[in-house]
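Written below as structure tokens is the structure these notes are about.
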Number of protein chains: 2
Amino acid sequence: MTINQEFRDVLREEGMRHTWQRQAVWDEIKSNDEHRDADDIFICLKQAGYPISRATVYRTIDVLVSHGLVRKLDIGEGRMRLEHKLDSHHHDHLICENCGRIIEFISPEIEALQSKISSAHGFALTHHVHQLFGRCLSYPDCDYYRSQNR
Amino acid sequence: MTINQEFRDVLREEGMRHTWQRQAVWDEIKSNDEHRDADDIFICLKQAGYPISRATVYRTIDVLVSHGLVRKLDIGEGRMRLEHKLDSHHHDHLICENCGRIIEFISPEIEALQSKISSAHGFALTHHVHQLFGRCLSYPDCDYYRSQNR
DNA sequence: ACCCTTATTGAGATTGAGTCTCATGAATAT
DNA sequence: ATATTCATGAGACTCAATCTCAATAAGGGT
Ligand SMILES: [Mn+2]
Ligand SMILES: [Mn+2]
Ligand SMILES: [Zn+2]
Ligand SMILES: [Zn+2]
């Protein structure tokens, strides 16, 4: 999954076709570590000159998610954010309600407690959503960052 | 908040008017402990014969939420579920992906860890979203329950 | 290289939860 | 009772995401 050739193979193993559209969406999502949404990706590709359709971007994102290459993140905005799973160990998120910053955190203790709670209730845990909302006091530019990022 | 007279007062303290529509929405939400959505409430009221509008149901829910009487629950279905906060200490949810059951859990350990993580990142925590998705092995009627509840 | 089959695409229509508009109606204060 | 002003209802509207379907192109076979 680190080089182009591999993405072509991931698709072929499922009998799916490798198109420049799919490659372009995957490349764009890989290209940075922010938590952008589908329309961000679409706009980037259009501005880079690709004649791609919004529907194809959405469809490709679903392909990437079903192959475990991308994760959708719903932070209650009415749209999905995305993140590639290349260098990723699982993590959850801290979200600043003022400036919008998204900080990642890992807590083996919480992960363990989740498993414990699930089995205590006779649940086979498949995944979880865990988000902490607040205000990032530690970033002095919280308000400035907000003004810069919509 | 347990008797009618009090809801009228809650509204009046904010200079808001007490209408039968607001009372009916609040009564309906109070009437059971499931996690229904706005349209469930609307349909119940219509079937009970109230000539209420969908817009009023949505608006009243927001009033109830802002007064701390109701909590919105987003479990990634594209719509909000609701729960009244009458007998409620804070809790989070286990959600069965097969039958749709929603089980409540409380974990003081996790709550404490959340605070710890937030302050470690210089965050002033305001609220959190924590949901465990899986399958409820402990309920033998999981499939049956699913078939009964859409 | 060329065909053929069939997955994929693009444009725009559609969906669905939730919000907004604004004329009409109702709740409260005096 | 009247006046004031907030709340309501019907339907238009928003916005992310999905769907439709005719046109296109990927990739296996020759
Ligand atoms: Mn992340
Ligand atoms: Mn609950
Ligand atoms: Zn901030
Ligand atoms: Zn179940």
Side-chain angles (χ1 to χ4, degrees), chain A residues 4-5 7-26 28-29 35-46 48-67 70-82 150, chain B residues 4-5 7-26 28-29 35-46 48-67 70-82 150:
Chain A
N4 279 355
Q5 191 53 35
F7 180 53
R8 180 175 237 116
D9 292 345
V10 168
L11 293 173
R12 196 158 47 191
E13 278 167 25
E14 310 279 316
M16 305 188 79
R17 292 175 186 176
H18 178 264
T19 63
W20 66 260
Q21 289 94 334
R22 284 174 174 166
Q23 186 68 52
V25 170
W26 175 224
E28 184 55 43
I29 292 179
H35 299 81
R36 295 178 291 170
D37 63 32
D39 217 53
D40 290 333
I41 305 301
F42 172 68
I43 289 168
C44 278
L45 293 174
K46 289 301 263 189
Y50 294 102
I52 199 172
S53 137
R54 193 173 258 107
T56 297
V57 172
Y58 277 102
R59 284 186 288 231
T60 300
I61 287 168
D62 286 342
V63 170
L64 295 169
V65 168
S66 68
H67 284 77
V70 165
R71 179 184 176 198
K72 284 185 182 175
L73 188 63
D74 177 357
I75 58 173
E77 298 171 305
R79 63 184 190 275
M80 290 292 175
R81 302 263 191 163
L82 306 167
R150 125 177 76 20
Chain B
N4 279 356
Q5 191 52 35
F7 180 53
R8 181 175 236 117
D9 292 345
V10 167
L11 293 173
R12 195 160 46 191
E13 278 167 25
E14 309 279 316
M16 305 188 79
R17 292 176 184 175
H18 178 263
T19 63
W20 66 260
Q21 288 93 335
R22 284 174 174 167
Q23 185 68 51
V25 171
W26 175 224
E28 184 55 44
I29 292 179
H35 300 81
R36 294 178 291 171
D37 63 32
D39 217 53
D40 290 332
I41 305 301
F42 172 68
I43 289 168
C44 278
L45 293 175
K46 288 302 263 190
Y50 294 100
I52 198 173
S53 137
R54 194 173 257 107
T56 297
V57 172
Y58 277 102
R59 284 186 288 229
T60 300
I61 287 168
D62 286 342
V63 170
L64 294 169
V65 168
S66 69
H67 284 78
V70 165
R71 178 182 175 199
K72 285 184 183 176
L73 187 63
D74 177 357
I75 58 173
E77 299 171 305
R79 62 183 189 276
M80 290 292 174
R81 302 261 191 162
L82 306 168
R150 134 176 58 32

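Numbered from 1 within each chain, the chains take letters A, B, ... in sequence-line order.
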**Fill in**
The answer to which of B:E77 and A:T56 contacts DNA chain C further toward the 5' end, by nearest nucleotide, is A:T56
**Prompt:** Rounded to whole angstrom units, what separation is found between the CZ atom of A:R22 and the P atom of D:dA26?
**Reply:** 11 Å
**Message:** I need the CD1-C1' distance between A:I52 and D:dT24, as an integer number of Å.
**Reply:** 15 Å
**Request:** To the nearest Å, give me how far apart CD1 (B:I43) and C1' (C:dG16) are.
**Result:** 13 Å
**Request:** Can you label the angle between the A:H18 ring and the A:F7 ring as parallel, tilted or perpendicular, going by 30° and 60°?
**Result:** perpendicular
**Complete:** Closest non-hydrogen atoms of A:I52 and A:V57, given as atom of the first, atom of the second and distance, are CD1-CG2, 4.1 Å
**Prompt:** D:dT8 phosphate, OP1 or OP2: any side-chain N/O from B:S53 under 4.0 angstrom?
**Reply:** no
**Asked** How sharply is the helix from C:dA1-D:dT30 to C:dT30-D:dA1 bent, taking the axes over five pairs at either end and rounding to 10 degrees?
**Response** 30°
**Prompt:** When you match B:G15 and B:K46 each to their closest nucleotide on DNA chain D, which lands nearer the 5' end?
**Reply:** B:G15
**Euclidean distance, atom CD1 of residue B:I61 to atom C1' of C:dA17 [Å, nearest integer]** = 12 Å
**Prompt:** With the sugar-phosphate defined as primed atoms, P, OP1 and OP2, and the base as all remaining atoms, what B/S/- string results for nucleotides 18-30 of chain C, 5' to 3', for protein heavy atoms under 4.0 Å?
**Reply:** SBBB----BBS--
**Asked** How long is the line joining CZ of A:F42 and P of D:dT18, in whole Å?
**Response** 15 Å
**Request:** Specify the separation, in whole Å, of atom CG of A:D74 and atom C1' of D:dA17.
**Result:** 13 Å
**Request:** Check side-chain hydrogen bond (donor to acceptor under 3.5 Å, both in side chains) between A:K46 and all other residues, then give those that pass, not counting sequence neighbours.
**Result:** none
**Item:** Over all atoms of both residues, closest heavy-atom pair of A:Y58 and A:A38
**Value:** CE2-CB, 3.6 Å
**Request:** Can you tell me the distance, in whole Å, between the CZ atom of A:R36 and the C1' atom of D:dA16?
**Result:** 18 Å
**Request:** Kindly indicate whether the side chain of A:R36, heavy atoms from C-beta on, has any atom under 4.5 Å from the side chain of A:E28.
**Result:** yes
**Asked** With no hydrogens and no angle check, is any side-chain donor or acceptor of B:R22 less than 3.5 Å from a backbone partner on B:R17?
**Response** yes
**Request:** Might you point out which heavy atoms bring B:L82 and B:D37 nearest each other, and give the distance in Å?
**Result:** CD1-C, 4.2 Å
**Item:** Electrostatic pair A:R81:A:D40 at N-O distance under 4.0 angstrom
**Value:** no
**Prompt:** Could B:R12 and B:D9 be called an ion pair, given the rule that one side-chain N must be under 4.0 Å from one carboxylate O?
**Reply:** yes
